[in-house]
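In what follows, a single structure is set out as structure tokens and then discussed.
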Amino acid sequence: MITYEQTVAPVRETGRVPRLLTALLMPIGPAAVALIRFVIPPEPVGPSAAANPGAVDLVQWFGLIAAFTLLPGAYAAVGLARRYRPRLAIAVALTLIPGYLGMTALGGSDSVVAAGTKLGLPPDQVTLLSNAINELPSVSVMVLIFVFGHIAGIFLLGLLTVLARLVPLVVGIGLAVSQLIHLTAVIIANPWLDLIGWGLTAVGFAFLGVRLVRDGQVSAEGR
């Protein structure tokens, strides 16, 4: 009987504590975005924000958490993936990393909504300001990069985890389709579905974090 062995690149040694911290960090960014998408005021944003200023504050704080955790988590996932499927990992990096960088453009309009609401500006004016920011050419390009990059990048990462058997099959499939679920939720304006979509992304990253720690332990035992 012919057997096939999967080629795995050598693991660069890191300490146990950094691995654990990285693993804990990986799902935090997607989880923060899941909460943002669940509580974010719906369109038209001005009247919605005026009616629920607490949600606007939550979006700001969860956005801060996401800003400092999404990219490190993505880098860690790519670093793990390239040991098993180097070429596919490059495709993940070329889509997911720029996608998460482009996501920062959304913070501008969110901040305008928060500031305008706190200043007591008319809700219609807050909506106009938010829309004007989103229509700026540079912002539009960044949002386009974000939309394509994070959807394609997460799909490819999920596909990679399935092919390389990095996580249980159901988790890998859930990760692959998670941002397609998010896209559907945005189109039909369903915050519960959005919570599920980004929640599946967070679960996928949590399992990748466990795999990161496990791979490090195997490497340490083999020295």
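- For the pair Arg85 (side chain) and Thr161 (backbone), a donor-acceptor distance under 3.5 Å is absent.
- Of the possible polar contacts, one joining the Thr117 side chain to the Val113 backbone as a donor-acceptor pair under 3.5 Å is found.
- For the atom pair CG of Leu25 and OH of Tyr75, the computed distance is 13.5 Å after rounding to the nearest 0.5 Å.
- Using a 4.5 Å heavy-atom cutoff, the side chains of Asp215 and Arg83 are in contact.
- To the nearest 0.5 Å, atom CG of residue Leu166 and atom CG of residue Leu175 are 10.5 Å apart.
- For Val167 against Gly172, the heavy-atom pair with the smallest separation is CG2-N, 3.6 Å.
- The side chain to side chain donor-acceptor pair (under 3.5 Å) test applied to Asp124 returns no partner, not counting sequence neighbours.
- Sorted by first then second residue, the side chain to side chain donor-acceptor pair (under 3.5 Å) pairs that include residues 104-114, not counting sequence neighbours, are Ser109-Asn134.
- In this structure, the separation between CD1 on Ile187 and NE2 on His182 is 9.5 Å, given to the nearest 0.5 Å.
- Sorted by first then second residue, the side chain to side chain donor-acceptor pair (under 3.5 Å) pairs that include residues 199-209, not counting sequence neighbours, are Ser178-Thr201, Gln179-Thr201.
- No side-chain heavy atom of Leu144 sits under 4.5 Å from any side-chain heavy atom of Phe148.
- Shown here for Val33 and Ala66, the closest heavy-atom pair between the two residues is CG2-CB, 3.9 Å.
- Checked against salt bridge (Lys or Arg N to Asp or Glu O under 4.0 Å), Asp57 has the following partners two or more places apart in sequence or in another chain: Lys118.
- Nearest heavy atoms, Leu94 versus Pro98: O-CG, 3.3 Å.
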Inset, instruction - Output, in order, the C-alpha distance, side-chain angles, deciding distance and verdict of side chain to side chain contact (heavy atoms under 4.5 Å, CB included) for Leu180 and Thr184. - result: CA-CA 6 Å; Leu180 297 175; Thr184 303; 5.5 Å; no
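- Here CD1 of Ile97 is found 13.5 Å from NE2 of His150. Values are rounded to the nearest 0.5 Å.
- At least one donor-acceptor pair under 3.5 Å links the side chain of Thr127 to the backbone N or O of Gly46.
- The two residues Ala49 and Val56 make their nearest non-hydrogen contact at CB-CG2, 3.5 Å.
- Note on Val112: it does not cluster hydrophobically with Leu128, by side-chain heavy-atom contacts below 4.5 Å among ILVMFWY residues.
- The closest side-chain heavy-atom distance from Pro30 to Leu70 is below 4.5 Å.
- Nearest heavy-atom pair, Leu121 versus Gln125, reported as atom, atom and distance to 0.1 Å: CD2-OE1, 3.8 Å.
- One hydrophobic cluster, built from ILVMFWY side chains closer than 4.5 Å, cannot hold both Leu193 and Val186; they sit in different ones.
- Grouping the Ile, Leu, Val, Met, Phe, Trp and Tyr side chains by contacts below 4.5 angstrom, directly or via other members, places Leu183 with Phe146.
- Between Arg211 and Tyr84, some side-chain heavy-atom pair lies under the 4.5 Å cut-off.
- Clustering of Ile, Leu, Val, Met, Phe, Trp and Tyr by side-chain heavy atoms under 4.5 Å joins Phe38 with Ile28, Leu35, Ile36, Val39, Ile40, Leu58, Val59, Phe62, Ile65, Trp192, Leu195.
- The cluster map of Ile, Leu, Val, Met, Phe, Trp and Tyr, joined by side-chain heavy atoms under 4.5 Å apart, puts Val147 and Phe155 in the same cluster.
- Counting heavy atoms from C-beta on, the side chains of Asn52 and Pro41 never come closer than 4.5 Å.
- Surrounding CZ of Phe207 are at most 12 heavy atoms belonging to other residues, nucleotides or ligands under 6.0 Å away.
- For Arg37, the side chain to side chain donor-acceptor pair (under 3.5 Å) partners at least two apart in sequence or on another chain are Asp194.
- Under the 4.5 Å side-chain criterion, counting only non-hydrogen atoms from C-beta, Glu135 is not in contact with Val139.
- Atom CG of Leu20 is separated from atom CG of Leu212 by 9.0 Å, given to the nearest 0.5 angstrom.
- For the pair Leu208 and Ala77, the tightest heavy-atom approach, listed with the atom from each and the gap, is CD1-CB, 4.2 Å.
- One distance of note links CD1 of Ile133 with OG of Ser140; it measures 11.5 Å at 0.5 Å rounding.
- Phe205 and Leu101 fall within a single hydrophobic cluster, where Ile, Leu, Val, Met, Phe, Trp and Tyr are joined by side-chain heavy atoms under 4.5 Å apart, directly or via other members.
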